[in-house]
Amino acid sequence: MSPNPSDTSASTSGQAILVSVGWPYANNHLHAGHLAGAYLPADIFARYQRMRGNRVLMVSGSDSHGTPVTVRAEQEGATPEAVFERYHQSFLETFKGFGISFDIFTSTDTPNHIEVTQDLFLRMLKQGDLYEAEQELLYDATAGRFLPDRYVEGICPRCQFDGARGDQCDNCGATLDVLELINPRSKLSDATPERRKSRHFFLRLTAFTERLIEWIERADHNNWRPHVRNFTLGMLREGLIDRAITRDITWGVPIPLEGYESKRIYVWFEAVIGYLSATKEWASANGNPDGWHAWWTDPAARTVYFIGKDNVPFHTVIWPAMLMSDGTLNLPSDVPANQYLTMSGSKASKSRGGVVWLPDYLERYDPDPFRYALAAAMPETSDADFTWAEYVRRNNDELVARWGNLVNRVLTITRRNFDGRVPEPPRLLEPGIFSGDVLRHAPYRLSPESRALLDRVDAAFNTVGGDYDRVQMRRALTGAMEVAGAANQYLDTRAPWQAVKADRDHAAETLYVALNAISGLVTMLNPVLPFTTQRAWEYLGHEGTVGIAGWRRTPVLAGTVLPEPGPLYRKLDDSVVAEEEARLGL
RNA sequence: GGCAGGAUAGCUCAGCGGUAGAGCAGCGGACUCAUAAGCCGUUGGUCGCGGGUUCAAAUCCCGCUCCUGCUACCA
């Protein structure tokens, strides 16, 4: 049973919310850092908003262009298309495996994206926000390619450190101009690059500085994450620099003008447009080509961008400037960028190893425990560390022992003692005095502690929901799990396994209440644990999917037949820690 | 260099102006429905260092030390 993605995205009520997720470079598989940084928080947020009845559209796609894809292709002797296709397929499988519920996951290699990009390019050119100028660049004659700054190394003109990159010296921290480097050499071929002039289009970022500052400083951006807001403001106050948005390459979106056949629009300008083109593609595919307006031109829409922190400038400066240039499109409502996830203390990185590859993980373990462990340790305010020891601990102590066991013990006692059905608590009216309909519809007589537990569950929908809405996933998860703890306490206090022998009404009430509390928890935890909560939902005798029932405690009705449950999570042996750490190669 | 975040119990972290908190680990206990899970109690901290503001600071301000990250042409 798959925890289906878009139960309600086609619904016409609720607020339009665009969940935009960073576009992964199609030059390698995805790893845990990608999941914790962008895809998981976006998915949790999207699932929550769908349950609230909002019109969610979750979009992203593979970034098929860019130097790394080309470089990888050359290393393999393959075409960039082949490299991109391979990893695009990998991404799709990974998202399916982890239940990342995109409404559309497309790529930048589509006719639609090229058209949308070229259209915006031409309009910005007409507006004067793009202009043409000559630029002097380093050219690697051996590799036959102009070199991005970071692909050039040499001696730092400030500190004489040999190994400075074209953009920055790692030794003294100075920001460099690639042309200043002494004895430059290409990282691609080790050749000495030569200077060549080339005409390019530039984005007139400097023209947007004031408008961007005003926009960021507006009151409603005070709840942006401090690191996102401060970084952006700092950048704006330091002064923006017009950037070239075209390159002398052949893999990318063509420039829609004559005489530029050897150049392409560069990824950092083009990829962010993907949010818009993906929305348009989705709308067309759903038979309503104008449908994209609901998220992009209706000011009531909310647009949230889930990215890693390295991506902040593109989403809080460059993309907003492009949207301002257009003038009709909504600016980002929030950019809740995450910090980095470190793996046992070292940075997760495609290049440096020490990485948990997601396709690899899925071959050995279930998705929900990973979603849970990452959500519980999500790098929301600062870098967070992932260790396998902590993963096993959270799986065993929190998912198995506290939550899974709660579900299992309640279902088991109930089925054994009440004929496999949800028992009925005693009602307020005593039989004999009234009868028939009056008796059948009288409210249940619940003890104060029963009432208190259900109240606590219901109240948690507000607090936990608010946390999901503010993209504070750790807090949301803590709040929900505390309620699971309260349910365990309640059970111990009421000891229904004893009460069944002496006072069946007492036990009936306890189990009825516990089942209802679990029903609430299933909904509350569903955004984080979509697979296992769906199973728990079915164990409770509910029909359909968790998501469709909405953001509220769905009542478990007395008399409902309970199917035979199975364990939601499996306990992991401690040996997993050593095995996986060996695999990490740390 | 600039900027940001962090430094709190053995471990992972929360608290961010009002007598130090959680989970795990450790110790003790009562129970036994459950994937030997759950529940109750308990040991344990001069809240990185030095100043300052305040009736009151882990919490605000200044300085310092250490760690991590970002620094827009590898998105």
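Below, chain A is the first sequence line, B the second, and so on; all start at residue 1.
Judged as a side chain to side chain contact (heavy atoms under 4.5 Å, CB included), and not counting sequence neighbours, the contacts of A:S575 are A:D573, A:E579. A:S325 pairs by the side-chain hydrogen bond (donor to acceptor under 3.5 Å, both in side chains) definition with A:D129, not counting sequence neighbours. Among residues two or more places apart in sequence or in another chain, the side-chain hydrogen bond (donor to acceptor under 3.5 Å, both in side chains) test is passed with A:S277 by A:H113. Taking A:E482 as the reference, nothing meets the salt bridge (charged side-chain N to carboxylate O under 4.0 Å, His left out) condition, with sequence neighbours excluded. A:R416 meets the salt bridge (charged side-chain N to carboxylate O under 4.0 Å, His left out) test with no other residue; sequence neighbours excluded. With sequence neighbours excluded, the residues that form a side-chain hydrogen bond (donor to acceptor under 3.5 Å, both in side chains) with A:H200 are A:S198, A:T246, A:D248. Every residue was checked against the side-chain hydrogen bond (donor to acceptor under 3.5 Å, both in side chains) condition with A:R264, not counting sequence neighbours, and none meets it.
Distance from the side chain of A:D149 is smallest to B:C73 among B:C39, B:A4, B:C73. Comparing B:A4, B:A72, B:G69 by their nearest atom to the side chain of A:H227 picks out B:A4. Checking B:A37, B:C73, B:C74 against every side-chain atom of A:R247, the shortest atom distance belongs to B:C73. Of the candidate nucleotides B:A72, B:G69, B:C74, B:A72 has the atom lying nearest to any side-chain atom of A:P313.
The residue A:Q339 sits apart from the nucleic acid: no heavy atom pair falls under 4.0 Å. Residue A:D63 is classed as a base contact, given a heavy-atom separation below 4.0 Å to a base. Looking at heavy-atom distances under 4.0 Å, A:G239 makes contact with a base. Note on A:F231: only backbone sugar-phosphate atoms sit closer than 4.0 angstrom, heavy atoms only; bases stay farther off. Residue A:I241 is in base contact, counting any heavy-atom pair closer than 4.0 Å across all strands shown. Residue-level contact check: A:A401 touches the backbone only, with heavy atoms under 4.0 Å from sugar-phosphate atoms and none from bases.
Put simply, the side chain of A:R393 and the base of B:C24 share no donor and acceptor less than 3.5 Å apart.
Evaluation of the salt bridge (Lys or Arg N to Asp or Glu O under 4.0 Å) test over residues 307-319 of chain A, restricted to residues two or more places apart or in two chains, returns A:K309-A:D383. The list of salt bridge (Lys or Arg N to Asp or Glu O under 4.0 Å) pairs with a residue in residues 398-408 of chain A, not counting sequence neighbours, reads A:R393-A:E398, A:R394-A:E398.
RNA chain B is contacted by both A:E482 and A:A244; A:E482 maps to the nucleotide lying nearer its 5′ end (nearest heavy atom per residue).
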Using a 4.0 Å heavy-atom cut-off, write out nucleotides 7-15 of chain B from 5' to 3' as B (base contacted by protein), S (sugar-phosphate only) or - (no contact).
------S-S

Using a 4.0 Å heavy-atom cut-off, write out nucleotides 27-36 of chain B from 5' to 3' as B (base contacted by protein), S (sugar-phosphate only) or - (no contact).
----SSBBB-

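B:G69 and B:C64: their P atoms are spaced 22 Å apart (whole Å).
Rounded to whole angstrom, the span from the CE atom of A:M235 across to the C1' atom of B:C70 amounts to 11 Å.
Look at A:R474 and A:E380 and you find no salt bridge, because none of the NZ, NE, NH1 or NH2 atoms lies under 4.0 Å from a carboxylate O.
Of the candidates A:Y260, A:F269, A:Y131, A:F201 forms a ring pair (Phe, Tyr, Trp, His ring centres under 6.0 Å) with just one, namely A:Y260.
Stem list for RNA chain B (at least 3 consecutive Watson-Crick or G-U pairs, distances under 3.5 Å): B:1-7 with B:65-71, B:10-13 with B:21-24, B:26-29 with B:39-42, B:48-52 with B:60-64.
Here the closest non-hydrogen pair linking A:S64 and A:F84 is CB-CD1, 3.3 Å.
Regarding contacts with the backbone of B:C70, a side-chain N or O of A:Y340 is found under 4.0 angstrom from either OP1 or OP2.
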